[in-house]
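Read the numbers this way: they start at 1 and go in the same order the structure lists the ligands and their atoms.
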Amino acid sequence: MADLHSDVWAGTSRFTAQWHQNMLVQQWLPLVPGTEAKLRAGGRVADVGCGTGQALIALARAYPAITATGYDAHQPSIEQARRAAAEAGVAGRVSYHALDATAGLPESFDVITTFDVVHDAVDPLGLLRAIRDALRPGGRYLCLEINCSDHAADNTGPIAALLYGFSVLYCMTTSLAEGGEGLGTLGLPEPALRQLAGKAGFTQVRHVEMDNPFNRLYELTR
Ligand SMILES: C[S@@+](CC[C@H](N)C(=O)[O-])C[C@H]1O[C@@H](n2cnc3c(N)ncnc32)[C@H](O)[C@@H]1O
């Protein structure tokens with residue numbers, strides 16, 4: 001992970017920042033009213049694999065009562081996230097920590113999010129277990145994953161080509177480099193996610209219908 005060129009991290013951040021700034025609060029949260037209510041009530045929120053922290057900055061701006069913590073295994077991203085939160089004026093309510101979340105989260109939360117993280121993980125099941133264990137009773141886990149089919153022959157066209165490119169450049173490689181599962185960008189379609197979530201102890205997985213060529217959103221209940 002540390003060997004990747006800094007452009008990889010910068011490119012990822014620029015790609016996903018558009019979702020966090022323009023879609024997360026405006027389009028995605030209205031589709032998950034139970035989660036949204038917890039944010040409005042001022043819950044404790046964690047973003048696991050937070051990268052440069054953009055998602056929590058958007059959430060903190062939209063939900064002034066929340067306090068939030070971002071965790072990521074990549075220290076330079078955490079430092080960038082801290083700077084971004086300070087610039088956005090939310091550093092008093094949003095903090096970031098370098099951590100391999102598979103080892104467990106140090107606190108419990110009302111809402112936990114991951115945005116394109118599980119398919120990259122060295123140990124996707126271990127990561128889901130850690131998230132499940134850190135959810136408070138009634139807590140919600142919002143999991144953004146890739147919009148793909150479990151039939152490889154259906155994953156065609158320009159978006160699939162782009163996603164397979166990401167996979168080789170980053171998603172699969174970063175996991176295999178640590179002896180991990182190497183699911184890759186298109187390696188966690190809905191049936192595979194449901195199976196992992198069940199093993200991790202989640203009682204419910206809801207596919208949140210939305211029109212998005214890149215991603216699928218799931219709401220998981222402890
Ligand atoms: C594709 S990036 C997405 C980053 C961010 N969620 C976003 O939307 O920009 C995946 C991130 O997950 C982090 N990650 C992967 N496995 C992790 C783990 N076990 N613990 C903490 N962070 C992890 C990586 O360091 C990377 O920053």
What class does the angle between the rings of Y170 and W9 fall in, given that below 30° is parallel, 30 to 60° is tilted and above 60° is perpendicular?
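Ring orientation, 0 to 90° scale: perpendicular.
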Which class fits the ring pair W28 and F115: parallel under 30°, tilted 30 to 60°, perpendicular over 60°?
parallel
Set out, in order, the CA-CA distance, both residues' side-chain angles and the distance that settles side-chain contact (heavy atoms from CB on, under 4.5 Å) for D47 and Y96, then state yes or no.
CA-CA 9 Å; D47 184 28; Y96 296 96; over 6 Å; no
At the 4.0 Å heavy-atom cut-off, does [X] count as touching ligand 1?
{"X": "H20", "result": "yes"}
{"X": "W9", "result": "yes"}
{"X": "Y170", "result": "yes"}
{"X": "C50", "result": "yes"}
{"X": "T174", "result": "no"}

Do we see a donor-acceptor contact under 3.5 Å between the side chains of N215 and D116?
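Result is yes, a qualifying pair exists.
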Indicate whether the side chain of T67 and that of R93 have a donor and an acceptor atom separated by less than 3.5 Å.
no
So, is [X] polar-close to ligand 1, with some N/O to N/O distance under 3.5 Å?
{"X": "D120", "result": "no"}
{"X": "A121", "result": "no"}
{"X": "D116", "result": "no"}

Can we say R194 and E190 salt-bridge, meaning some charged N sits less than 4.0 Å from an Asp/Glu carboxylate O?
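Answer for the salt bridge query: yes.
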Answer yes or no: is there an ion pair linking R83 with E87, defined by an N-O contact shorter than 4.0 Å?
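Looking at R83 and E87, the cut-off is not met.
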Just to be sure I read this right, does ligand 1 sit under 4.0 Å from the backbone of T114, its side chain, both, or neither, counting only heavy atoms?
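No part of T114 is near ligand 1 at this cut-off.
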Counting only heavy atoms, which portion of D72 has something under 4.0 Å from ligand 1: side chain, backbone, both, or neither?
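D72 to ligand 1: contacts from backbone and side chain alike.
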State the atoms of ligand 1, each with its element, that fall below the 4.0 Å cut-off from a heavy-atom position in [X].
{"X": "A73", "value": "21 (C), 22 (N)"}
{"X": "A101", "value": "18 (C), 19 (N), 20 (N), 21 (C)"}
{"X": "L99", "value": "20 (N), 21 (C)"}
{"X": "G49", "value": "4 (C), 5 (C), 6 (N), 11 (C), 12 (O), 13 (C), 22 (N)"}

Set of residues satisfying salt bridge (charged side-chain N to carboxylate O under 4.0 Å, His left out) with respect to E181, sequence neighbours excluded
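Residues passing salt bridge (charged side-chain N to carboxylate O under 4.0 Å, His left out) with E181: none at all.
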side-chain contact (heavy atoms from CB on, under 4.5 Å) evaluation trace for H74 with L4:
CA-CA 11 Å; H74 186 240; L4 287 165; over 6 Å; no
For the pair F166 and T12, evaluate side-chain contact (heavy atoms from CB on, under 4.5 Å) and give the outcome as yes or no after the intermediate values.
CA-CA 10 Å; F166 288 159; T12 303; over 6 Å; no
Select the closest option to atom 18 (C) of ligand 1 among T12, D100, L4, judged by heavy-atom distance.
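The option holding the nearest heavy atom is D100.
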